[in-house]
Colleague: 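To start, I am sharing the structure in question, which I have written as structure tokens.
What you see below is based on every heavy atom in this structure, not just the backbone, and it leaves out hydrogens, waters and symmetry mates. For the single chain, residues carry numbers from 1 onward in sequence order.
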Amino acid sequence: MAEQQGQAADDAVMTRIGQIAMLQHAGDQEEAQQRFAALWEEIGPDADPLHRCTLAHYMADTQQDPAEELRWDLLALEAADGLTDGSAATPHPSPAVRGFYPSLHLNLAADYARLGRPDTARDHLREARAHVDALADDGHGHQVLGGIERLERELAAGEGPADGAPESVGRPRAEGEAGGG
């Protein structure tokens, strides 16, 4: 674990993502979106899948248009699918990689629900549920599980997700934070 934290500390791209995420969480969505977009262009399509996954996952949160949010969440899932032990520039242990999937699928489910596609939303909720065993028993894990349960209830009642829900649920952890997405 200490070795992984040392690698993250040495990872300049993850550090930059974390810094932009702090700006985003401080409320400057527009500036964060511009900086995330610039970083996305800088790292390019052949970048470390962890970088692309994390960046796209955060970028989705800055979108006002639900279709754009969906596009970024799909890019995050695509990058996560490219994360295998040894495929990235720095090693990513399988449990950490698997830990991304519940939140990725939860966010996709919320995107599809907002876009009026409840069946596709339910498909992604099933995928999120299929991966909950990878969540840590911590605040982040509880938040993701709670988001899954809340969206399941809303869809069962024939409702869509509340505006903005699940906001920032399950975004991969930035440099210096414990756990995984």
Side-chain angles (χ1 to χ4, degrees), residues 1-9 11 13-15 17-18 20-22 24-25 48-63 69-70 72-88 90-114 118 120-157 160-162 164-181:
M1 183 62 143
E3 181 180 314
Q4 289 174 336
Q5 289 175 345
Q7 289 170 343
D11 188 333
V13 173
M14 291 301 285
T15 298
I17 292 169
I20 299 167
M22 286 190 283
Q24 176 186 10
H25 294 301
D48 182 330
L50 177 65
H51 296 160
R52 288 185 295 116
C53 177
T54 305
L55 183 52
H57 208 33
Y58 276 113
M59 182 66 154
D61 275 345
T62 68
Q63 304 304 308
E69 185 172 0
L70 172 63
W72 283 103
D73 279 331
L74 286 170
L75 287 169
L77 179 63
E78 178 183 308
D81 287 343
L83 272 169
T84 58
D85 296 336
S87 72
T90 55
H92 306 292
S94 184
V97 171
R98 288 186 55 243
F100 285 161
Y101 284 98
S103 60
L104 290 170
H105 284 288
L106 170 59
N107 287 315
L108 284 164
D111 295 341
Y112 282 115
R114 276 189 216 93
T120 307
R122 286 183 192 93
D123 291 343
H124 281 282
L125 282 174
R126 279 189 288 278
E127 285 296 320
R129 277 261 178 223
H131 293 91
V132 295
D133 63 321
L135 292 171
D137 186 16
D138 61 7
H140 174 74
H142 296 166
Q143 181 184 18
V144 173
L145 188 55
I148 292 168
E149 291 168 352
R150 187 171 41 258
L151 188 52
E152 285 172 337
R153 284 191 307 272
E154 290 170 357
L155 289 172
E167 183 154 342
S168 298
V169 170
R171 298 298 173 198
R173 305 294 176 134
E175 177 265 324
E177 293 180 332

Colleague: Contact between Pro118 and Tyr112 at the side-chain level, heavy atoms closer than 4.5 Å - yes or no?
Modeller: no
Colleague: Which is it for His105 and Leu125 under the side-chain contact (heavy atoms from CB on, under 4.5 Å) test, yes or no, and what are the steps along the way?
Modeller: CA-CA 6 Å; His105 284 288; Leu125 282 174; over 6 Å; no
Colleague: Please give me the minimum heavy-atom distance between Ala56 and Trp72, naming the atom from each residue.
Modeller: CB-O, 3.5 Å
Colleague: If we count only N and O atoms by modelled type, under 3.5 Å, do the side chains of Asn107 and His124 hold a donor and an acceptor together?
Modeller: no
Colleague: If the condition is salt bridge (Lys or Arg N to Asp or Glu O under 4.0 Å), which residues does Asp133 pass it with, not counting sequence neighbours?
Modeller: Arg98
Colleague: Test side-chain contact (heavy atoms from CB on, under 4.5 Å) on His57 and Ser103 and set out the steps.
Modeller: CA-CA 9 Å; His57 208 33; Ser103 60; 3.7 Å; yes
Colleague: Holding to side-chain hydrogen bond (donor to acceptor under 3.5 Å, both in side chains), I want the full list of residues that pass it with Glu127, two or more places apart in sequence or in another chain.
Modeller: none
Colleague: With heavy-atom distances below 4.5 Å as the criterion, would you say the side chains of His131 and Val144 are in contact?
Modeller: no
Colleague: How long is the gap from CZ on Arg150 to CD on Gln143, to the nearest 0.5 Å?
Modeller: 8.0 Å
Colleague: Please check this pair: side chain of Tyr101 against backbone of Asp81, looking for a donor-acceptor N/O pair closer than 3.5 Å.
Modeller: yes
Colleague: Run the numbers on Asp73 and Leu104 for side-chain contact (heavy atoms from CB on, under 4.5 Å), then give the verdict.
Modeller: CA-CA 7 Å; Asp73 279 331; Leu104 290 170; 5.6 Å; no
Colleague: Determine, for Glu69 against Arg114, whether the closest basic-nitrogen to carboxylate-oxygen distance falls under 4.0 angstrom.
Modeller: yes
Colleague: Of the non-hydrogen atoms in Leu155 and Ala121, which two are nearest, and what is the gap between them?
Modeller: CD1-CB, 3.8 Å
Colleague: Is it true that the side chains of His51 and Asp11 contain a donor and an acceptor less than 3.5 Å apart?
Modeller: yes
Colleague: Taking all non-hydrogen atoms of both residues, which atom of Cys53 and which atom of Ala80 are closest, and how far apart?
Modeller: SG-CB, 3.9 Å
Colleague: Atom CZ in Arg52, atom CG in Leu83: separation rounded to 0.5 Å?
Modeller: 8.0 Å
Colleague: Please step through side-chain contact (heavy atoms from CB on, under 4.5 Å) for the pair Thr62 and Met59, ending with a clear verdict.
Modeller: CA-CA 5 Å; Thr62 68; Met59 182 66 154; 3.6 Å; yes
Colleague: Out of the candidates Leu50, Ile17, Leu75, only one should pair with Leu55 under the side chain to side chain contact (heavy atoms under 4.5 Å, CB included) rule; please name it.
Modeller: Ile17
Colleague: Run the salt bridge (charged side-chain N to carboxylate O under 4.0 Å, His left out) check on Arg129 and Glu152 step by step: do they pass?
Modeller: CA-CA 10 Å; Arg129 277 261 178 223; Glu152 285 172 337; 2.9 Å; yes
